[in-house]
Amino acid sequence: MFIRVPDKNPGKNVIHLDLLASGRDEVARAIDLGAKHVADFDEWGMKWTTLADPEGNLFDIAAE
């Protein structure tokens, strides 16, 4: 899904990846690999978890 944001915020990713996983196990796997849990969402008919990589870049993992 693509969502327009008003403008770039300092320190925010220029590209924000949204990944689709077959289950919630991938969130735990990402955390085990060094990602930090940021928040869980249930909006626009989708449920996803926002994570940050070790450098602070945000990405989402949604589960089917």
Side-chain angles (χ1 to χ4, degrees):
M1 102 180 116
F2 292 93
I3 300 171
R4 181 177 294 278
V5 295
D7 55 44
K8 288 178 22 181
N9 295 325
K12 192 171 181 181
N13 307 35
V14 174
I15 295 176
H16 176 104
L17 294 177
D18 292 325
L19 308 169
L20 181 62
S22 59
R24 301 296 301 162
D25 293 342
E26 295 304 321
V27 172
R29 183 169 182 259
I31 291 169
D32 288 344
L33 291 170
K36 177 183 171 190
H37 180 266
V38 175
D40 294 307
F41 296 92
D42 184 354
E43 299 176 320
W44 302 297
M46 294 287 296
K47 292 181 182 181
W48 69 91
T49 299
T50 297
L51 301 156
D53 71 14
E55 294 180 357
N57 298 302
L58 300 177
F59 64 98
D60 296 330
I61 298 178
E64 295 182 297

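Hydrogens, waters and symmetry mates are skipped; everything else that's a heavy atom, side chains included, is used. What you see is a predicted model, and the numbers here were worked out from it, not measured in a lab.
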List the atom of [X], the atom of [Y], and the distance in Å for their closest heavy-atom pair.
X	Y	answer
A52	L58	CB-CD2, 3.9 Å
P54	G34	CG-O, 3.8 Å
A35	F59	CB-CZ, 4.0 Å

Under 4.5 Å between side-chain heavy atoms, hopping through other hydrophobics if needed: is there a path connecting W44 to F41? yes

For D42, what residues pass the side-chain hydrogen bond (donor to acceptor under 3.5 Å, both in side chains) criterion, not counting sequence neighbours? none

For T50, what residues pass the side-chain hydrogen bond (donor to acceptor under 3.5 Å, both in side chains) criterion, not counting sequence neighbours? D60

Just to verify, what does D40 make a side chain to side chain contact (heavy atoms under 4.5 Å, CB included) with, not counting sequence neighbours? R24, H37, T49

For A62, check side chain to side chain contact (heavy atoms under 4.5 Å, CB included) against everything at least two apart and list the hits. L20, M46, W48

Any salt bridge (Lys or Arg N to Asp or Glu O under 4.0 Å) pairs touching residues 27-37, not counting sequence neighbours? E26-R29

So CG of D25 and CD1 of I61: to nearest 0.5 Å the spacing works out to 11.0 Å

